[in-house]
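Comments concern the structure below.
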Amino acid sequence: MIEISSGHARIDQFLSGDYDRVRGMSSRFSAAICGHLLRRQTERGIAGDIAEIGTFEGRFFIAMALGLAPGERALGIDTFDWPDDGVLARFLENCAGAGLAHERFTAWKADSRSMSASDLREKLAGRAVRFFHVDGDHVHDSLAHDLELAHAVLHPDGLICIDDMLHPSYPTLITAVLDYLARHSDMRVVCIIDREDIVAAAKFLICRREAIALYEQDLMRSFQPFHFVLGADTPNHFTVVLTPQPRIADVG
Ligand SMILES: C[S@@+](CC[C@H](N)C(=O)[O-])C[C@H]1O[C@@H](n2cnc3c(N)ncnc32)[C@H](O)[C@@H]1O
């Protein structure tokens, strides 16, 4: 097992305990890095809610929600009907089992495709989101819509985290992200978290250009053993890449 932690006691306790027992698709590697980012946001005075489209049974949601600071809340959005109608009950059971108090989160059973930014703002009672995980319908137009929803409620220093980037099953999904970056020229891919395996795929972390300094150096320093130094060219930026086992091809 890869030794990586978020540095947030409650998140790390969940990661080394029930994380793998809660059914889900996000890697433990990515959850530790995102938990670290939530802790850093709190330390830097960045306050806001967390939200996720595609909550499923709560694996990633719980890990992030355990990083909430006092007064903050988590919003989990899902149709909660796949693979069966028991998924919402299992999600609530998993939250309770992880010690996530019910007043700290809302499960919103809804289809994000028919949701407007004002619907979302209303559900959030006007609070900004400092960390938004987008992991819902893996189709170009749905992701394009979900990214606009996330953008509409994002804290100025907040992060949008997109799952299943460059996944072999969804080779065209990346075009929705590139289109989003073209529409919002102030947004940058600040970090790519590489996959653990075919199920636990890569995530992109996106923030405003002005917020890059809050995260970039810290990520390279804090996760130095996982820093792939060749990085990545992304639109208008040279992006940090973190990978479970960094190595460079032997060409000598
Ligand atoms: C890959 S799973 C999410 C895994 C979870 N985020 C994790 O890390 O374990 C995708 C989820 O997105 C939900 N979903 C798909 N299309 C959706 C939509 N249009 N609106 C809301 N949820 C949707 C599915 O019901 C499913 O639970």
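Order of listing sets the numbers, starting from 1, for every ligand and every atom in it.
- Atom numbering of ligand 1 starts at 1 in the shown order; those under 4.0 Å from a heavy atom of Thr79 are 20 (N), 21 (C), 22 (N), 25 (O).
- Any N or O atom pair closer than 3.5 Å counts here, and Gly54 shares at least one such pair with ligand 1.
- There is no side-chain donor-acceptor pair under 3.5 Å between Thr79 and Asp111.
- The protein non-hydrogen atom at the shortest distance from atom 10 (C) of ligand 1 is Asp135 O, 3.3 Å.
- Considering backbone and side-chain N/O atoms, Thr55 never comes within less than 3.5 Å of an N/O atom of ligand 1.
- The protein atom (non-hydrogen) at minimum distance from atom 17 (C) of ligand 1 is Asp137 N, 3.8 Å.
- Geometrically, ligand 1 and His133 share no nitrogen or oxygen pair separated by less than 3.5 Å.
- Listed by atom number, the atoms of ligand 1 under 4.0 Å from Arg59 heavy atoms are 9 (O).
- Ring planes of Phe56 and Trp82: tilted class, angle from 30 to 60°.
- Aromatic ring centres of His155 and Phe131 lie farther apart than the 6.0 Å criterion allows.
- Neither the backbone nor the side chain of Ser142 has any atom closer than 4.0 Å to an atom of ligand 1 (non-hydrogen atoms only).
- Heavy-atom contacts of Asp111 reach the following atoms of ligand 1: 18 (C), 19 (N), 20 (N) (cutoff under 4.0 Å).
- Near Phe60, meaning under 4.0 Å from any of its heavy atoms, are these atoms of ligand 1: 8 (O).
- Side-chain N/O atoms of His184 and His151 include a donor and acceptor closer than 3.5 Å.
- For the side chain to side chain contact (heavy atoms under 4.5 Å, CB included) test, residues two or more places apart in sequence or in another chain that qualify with Ala47 are Glu72.
- Considering backbone and side-chain N/O atoms, Asp78 comes within less than 3.5 Å of an N/O atom of ligand 1.
- Ring pair Phe105/Phe91 is perpendicular by interplanar angle, where above 60° counts as perpendicular and below 30° as parallel.
- Between atom 21 (C) of ligand 1 and the options Gly24, Ala110, Gly136, Ser27, the minimum heavy-atom separation is to Ala110.
- The side chain to side chain contact (heavy atoms under 4.5 Å, CB included) test with Arg188 singles out one residue from Leu205, Ile206, Thr234, Asn236, and that residue is Asn236.
- The aromatic rings of Tyr19 and Phe14 lie perpendicular to each other, with more than 60° between the two planes, well past the 30° mark.
- Given atom 9 (O) of ligand 1, the protein heavy atom at minimum distance is Met25 N, 2.9 Å.
- Neither the backbone nor the side chain of Glu57 comes within 4.0 Å of ligand 1, counting heavy atoms alone.
- The closest approach between any non-hydrogen atom of Glu52 and ligand 1 is below 4.0 Å.
- Remark: Glu103 CD is packed, more than 12 non-hydrogen atoms of other residues, nucleotides or ligands lying under 6.0 Å away.
- Evaluation of the side chain to side chain contact (heavy atoms under 4.5 Å, CB included) rule for Gln217 yields Met220, Arg221 as partners, not counting sequence neighbours.
- Ion pairing of Asp84 with Arg90 is present here, as a side-chain N (NZ or NE/NH1/NH2) and a carboxylate O approach within less than 4.0 Å.
- If you number the atoms of ligand 1 from 1 as listed, the ones under 4.0 Å from a heavy atom of Ser26 come out as 7 (C), 8 (O), 9 (O).
- Polar contact check, Ser112 against ligand 1: a nitrogen or oxygen pair lies under 3.5 Å apart.
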